[in-house]
Amino acid sequence: MTYKVIGKRVKRVEDPRLLTGGALFVGDVNLPNMLHAAFFRSDYAHAKIKSIDTSLAKEIPGVVGVYTAEDMGEAWEPGPPLVSPPPTLEGVVFNSRRQVPLVKDKVKHAGEIIAVVVAESRYIAEDAVEEIYVDYEPLPAVTDLEKCLEPGHPLVHDDLDSNLAAYLVQNKGDYEAAKKEADLVLKRKFKLDRGAAVAMENRGIVVDWDQKNQHLMIWDTTQSPIPIRNGMAARLGLRTHQVRVVAPFVGGGFGPKIMMFYAEEMVLPWLTMKLNRPVKWIEDRKENFYATTQEREQVQEVEMALSKEGRILGIKQKIIHDTGAFDPYGLTTPLNTQSHSMGGYDVQNYNSELFVVFTNKIIVTPVRGAGRPQGIYVVERMLDIASKELKLDPRDVRRLNFIPKDAFPYNHEIIDQAFVELVLDSGNYLPAYEKALEKIEYDKFVQEEQPRLRAEGKYVGIGVVPFIETTGVGPYEGARVAVEPSGKISAATGVGTQGQSHMTSFAQIIAEELGVEVEDVSLVSGDTAEIHWGTGTFASRGAVVAGNAVLAAASDVRKKVLKLASKILETPEDELELEGGLVRVADIPEKSISLGELAVLANPFRGAVEPGTEPGLESTKYFGPAYGATAFGVHGMILEVDPETMMIKIHKYIAVEDCGTMLNPLVVEGQIHGGVSMGIGNAYYEKLHYDENAQLLNASLADYLIPTSAEMPHIEVYHENTPAPNNKLGTKGVGEAGAIPVPAAFAQALENALPDFNLEITETPLSPNRLYELLYKSEE
Amino acid sequence: MENTFELSVTVNGTSYQKVIDPRTLLSDFLRNDLELTGTHVGCEHGVCGACTIILNGDPVRSCLLFAPQVHGQEIITVEGLGTVDDMHPLQEAFREAHALQCGFCTPGFLTTLVPWLEENPNPTEEEIREAVSGNLCRCTGYQHIIDAVKLAAEKMN
Ligand code: FES
Ligand code: FES
């Protein structure tokens with residue numbers, strides 16, 4: 001399909017306001033008579049609360065109130081389960097324990113909220129927080145994933161008999177039988193540690209209860225305004241039309257800004273209704289480390305059975321996944337890990353046992369990648385190790401195992417995060433892989449460059465890793481598209497925007513359908529007043545699910561436009577074309593009518609709208625895929641290790657991406673760049689250090705290092721296009737792709753760079769210190 | 001307020017007199033008292049650079065200053081660099097190169113780079129990477145930002 005606007009490198013319509021300081025973020029919302037909230041958070045990760053003394057805090061001038069769980073009375077209730085419990089696999093255990101607005105008796109992670117101060121300014125509110133005194137009885141903290149299931153271990157949730165949050169087994173084929181046929185059975189243990197999402201904008205919420213109108217207005221830095229609206233109404237005993245949630249410009253989401261019903265999101269609406277004044281809270285960076293969800297911690301034992309040619313006969317896996325103190329987001333993340341543990345390979349036998357455990361650490365929910373990097377890490381590491389053992393070229397091992405082009409749709413026969421069978425809709429993996437090898441000049445590097453540089457004493461290595469990304473899952477998204485009397489187009493969708501360029505790429509779809517300029521389309525994403533149904537921005541699904549809903553609505557408007565224009569221009573519909581904001585007769589271009597005039601005619605003031613028709617040139621449509629669209633990519637890097645400092649320099653970085661149809665390549669490339677930077681952080685810089693008391697030791701941007709421009713290489717992005725067969729646009733998601741393969745490629749490149757050390761990397765993130773330890777250990 | 005400070009300051013060419021709490025951070029003063037909310041706050045501990053403003057011609061972090069410290073001085077914030085209809089060449093270049101995604105970090109990059117480009121009209125990629133290495137961006141991986149700076153330098157020459 002050839003498009004005029006879709007697929008073009010269109011400049012973003014949202015930029016001018018963002019560039020001139022005129023875009024509204026939640027932190028910019030200031031209302032008359034507004035109060036400010038600040039929270040008293042627990043220093044302990046695990047402790048009983050013996051008493052709380054807020055009396056001094058209440059005396060500070062300017063303090064309006066100080067509240068604890070007790071004050072909430074009936075309104076106190078844990079957050080809702082966000083993703084329904086796991087599917088009907090046999091023997092599934094799932095213990096749902098959700099975060100609470102204010103802690104009642106026992107603190108379960110450091111940073112949990114014990115009291116809230118409301119005051120005339122944030123400064124005063126924070127002063128008052130300092131005057132709150134809590135008497136605790138500290139308890140031993142649960143931190144160790146492997147030990148926490150042992151009998152007699154301290155419990156995060158005292159009403160359970162262990163720290164087990166969930167258990168399930170997924171099985172395909174017969175691993176044990178396959179193992180008997182194997183020439184090599186490899187067994188390794190992997191440790192994957194925690195990182196933070198670190199959106200540059202912290203979270204925030206402003207609430208305003210209008211008593212006379214009986215209406216609650218909420219500005220929230222959420223990725224999912226509609227579920228927040230629905231849940232908030234339910235919690236507060238209001239109708240959905242009494243609550244409006246707006247997620248204006250949001251400064252990065254990356255997962256944790258999902259419809260979490262964070263404690264703060266539960267407390268503030270209660271406060272505004274109680275006090276009848278607007279209340280604002282903006283998270284600070286320290287709170288962001290202690291209160292915003294995190295991800296990636298797992299311990300995995302993986303066994304892979306292979307033939308001597310390197311064919312994967314089967315994979316057996318045991319995953320212990322840390323969900324932190326609560327598990328509101330169900331099993332999304334570890335199910336993603338399972339979905340990606342076979343990668344893009346034809347694996348006939350798979351057995352994966354999943355233990356999800358509670359610890360006294362901060363809650364785990366998806367962070368860009370969402371369980372996928374862990375799956376790709378283990379399968380790719382196992383293949384690298386197997387290649388060494390079998391003395392095979394790691395490239396040949398991959399070539400041999402890729403799912404062949406004609407095997408799609410390919411059913412992996414397990415369930416994925418959407419609780420449907422994991423079917424990979426389409427793909428053409430081998431050419432993308434070969435392209436990556438060619439672009440990074442693999443042969444030239446290993447045959448010429450590397451030997452030359454090694455002779456100079458340089459430690460340089462190459463890593464190339466393919467990966468899949470399941471994207472575009474259901475349930476559905478909606479879009480509304482309308483032609484205004486001015487001839488301009490208004491549109492809305494429920495997926496919030498945190499930098500993904502929705503206002504431009506969705507406008508491109510509409511411009512394509514209706515023959516208008518991208519600038520003439522004004523799209524609202526993230527205001528529940530504009531669209532009633534929807535879920536949100538997550539799982540790399542915007543371009544797929546919302547994108548196709550936008551297309552469906554725009555196509556329907558196009559039909560309405562043609563029908564009306566045909567009547568007015570007295571010309572059959574198939575002789576009409578939409579171009580430049582006009583409908584015109586294809587061979588008599590002077591015979592035309594503008595979209596604006598048609599919109600006016602479609603909404604008459606007098607007479608009657610014909611029975612069975614609707615007024616206006618407007619349509620709301622939904623799109624819900626039966627299963628997702630699976631993207632593919634290959635990343636490669638050449639890096640150099642400084643043997644003195646263990647610092648790394650990445651000399652070359654290439655990414656080959658196949659996300660099907662691209663709505664806007666500029667945006668796709670931007671998404672990949674950003675994903676890679678997070679992946680590089682995950683590989684070498686970003687680790688949240690918890691001590692044995694489950695205290696986070698590096699909760700500041702000075703101590704938790706995210707890549708800067710100095711660490712980032714120049715990334716070359718190349719595209720392949722295998723359109724998704726199950727959606728009209730042919731799109732596959734790409735939002736998380738960049739982050740997924742990086743730790744695996746990084747480990748491969750490091751091992752390749754340090755051949756004299758018997759280095760085998762089975763953990764991520766690394767760091768210069770950790771690499772030093774590993775090399776020192778391997779030398780011994 | 002028992003203790004107050006009478007602050008005079010020029011921001012984006014307009015002079016302001018305000019009575020403030022002396023402990024008010026400059027970032028809060030700009031955002032709340034002057035309603036210039038384009039200056040963003042990402043960390044309040046001087047690391048992210050989102051709150052950068054131009055003080056007497058030099059980029060500084062407004063979260064690390066108290067408002068009284070700028071008494072009698074001149075500030076330019078992102079709002080003072082250009083308008084939607086008349087953007088600074090660097091703002092234009094940011095748009096052209098897709099150098100912003102969520103746009104939260106962007107004001108800080110612009111206020112860091114505008115004075116820098118005046119002193120470094122022909123920067124190399126290495127120099128640009130160095131110049132922005134004190135500003136954090138979580139969305140872009142910096143690459144398009146670097147492209148934008150190159151583009152702006154070309155445009156401005
Ligand atoms: S907010 Fe000032 S440097 Fe981050
Ligand atoms: S564009 Fe989002 S942090 Fe830079």
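We name chains A, B, ... by the order of the sequence lines, and we start the count at 1 in each one.
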For the candidates [options], which exhibits the highest count of non-hydrogen atom pairs separated by less than 4.5 Å from chain B?
| options | result |
| --- | --- |
| A/I672, A/D284, A/D127 | A/D127 |
| A/R285, A/E283, A/K286 | A/R285 |
| A/A197, A/S121, A/P61 | A/A197 |
| A/A710, A/S709, A/S677 | A/S709 |
| A/G681, A/P16, A/A199 | A/P16 |
| A/N30, A/L18, A/D28 | A/D28 |

More than 12 foreign heavy atoms under 6.0 Å from [atom1] of [X]: is that the case here?
| X | atom1 | result |
| --- | --- | --- |
| B/Q17 | CD | yes |
| B/M156 | CE | yes |
| A/K652 | NZ | yes |
| B/E127 | CD | yes |
| B/Q69 | CD | yes |

Which answer fits [X], side chain, backbone, both or neither, if we ask what part of it has an atom under 4.5 Å from a heavy atom of chain B?
| X | value |
| --- | --- |
| A/P713 | backbone |
| A/E711 | neither |
| A/Y123 | both |
| A/S700 | both |
| A/Q498 | backbone |
| A/A702 | both |
| A/V198 | both |

Discussion item. One pair to check against side chain to side chain contact (heavy atoms under 4.5 Å, CB included): B/H40 and A/E201. What are the steps and the verdict?
Written reply: CA-CA 8 Å; B/H40 292 159; A/E201 177 202 38; over 6 Å; no
[X], part contacting chain A, at a heavy-atom distance under 4.5 Å:
| X | result |
| --- | --- |
| B/V47 | side chain |
| B/Q91 | both |
| B/T106 | side chain |
| B/L25 | both |
| B/T77 | neither |
| B/L81 | neither |
| B/Y142 | side chain |

Discussion item. Could you report the tightest heavy-atom contact between B/C48 and A/L701, atom names first, then the distance?
Written reply: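 What the structure gives for the nearest pair is CB-CD1, 4.1 Å.
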Worksheet entry | Working for side chain to side chain contact (heavy atoms under 4.5 Å, CB included), residues A/T20 and B/E79 | CA-CA 5 Å; A/T20 51; B/E79 289 92 345; over 6 Å; no
Item to complete: Look only at the side chain of B/R95 and the backbone of A/L19, and say whether a donor-acceptor pair between them is shorter than 3.5 Å.
Response: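 A pair under 3.5 Å: no.
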State the [atom1]-[atom2] distance between [X] and [Y], to the nearest 0.5 angstrom.
| X | Y | atom1 | atom2 | value |
| --- | --- | --- | --- | --- |
| B/E44 | A/N202 | CD | CG | 8.5 Å |
| A/H673 | B/H144 | NE2 | NE2 | 4.5 Å |
| A/N664 | B/H98 | CG | NE2 | 7.0 Å |
| A/M200 | B/C139 | CE | SG | 9.0 Å |
| B/R31 | A/F25 | CZ | CZ | 9.5 Å |

Item to complete: Go through B/E96 and A/K11 one step at a time and tell me if the side chain to side chain contact (heavy atoms under 4.5 Å, CB included) criterion holds.
Response: CA-CA 6 Å; B/E96 212 162 311; A/K11 285 195 274 182; 4.2 Å; yes
Discussion item. Between A/E686 and B/R138, does any NZ, NE, NH1 or NH2 come within less than 4.0 Å of an OD or OE carboxylate oxygen?
Written reply: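 Looking at A/E686 together with B/R138, the answer is yes, because their closest N to O distance falls below 4.0 Å.
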Discussion item. Does any part of the side chain of A/M712, heavy atoms only, come nearer than 4.5 Å to the side chain of B/R129, both counted from C-beta?
Written reply: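 Yes. Closest side-chain heavy atoms under 4.5 Å.
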Discussion item. Counting heavy-atom pairs closer than 4.5 Å to chain A, which one of B/V41, B/T140, B/L100 comes out on top?
Written reply: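 Maximum pair count with chain A is reached by B/L100.
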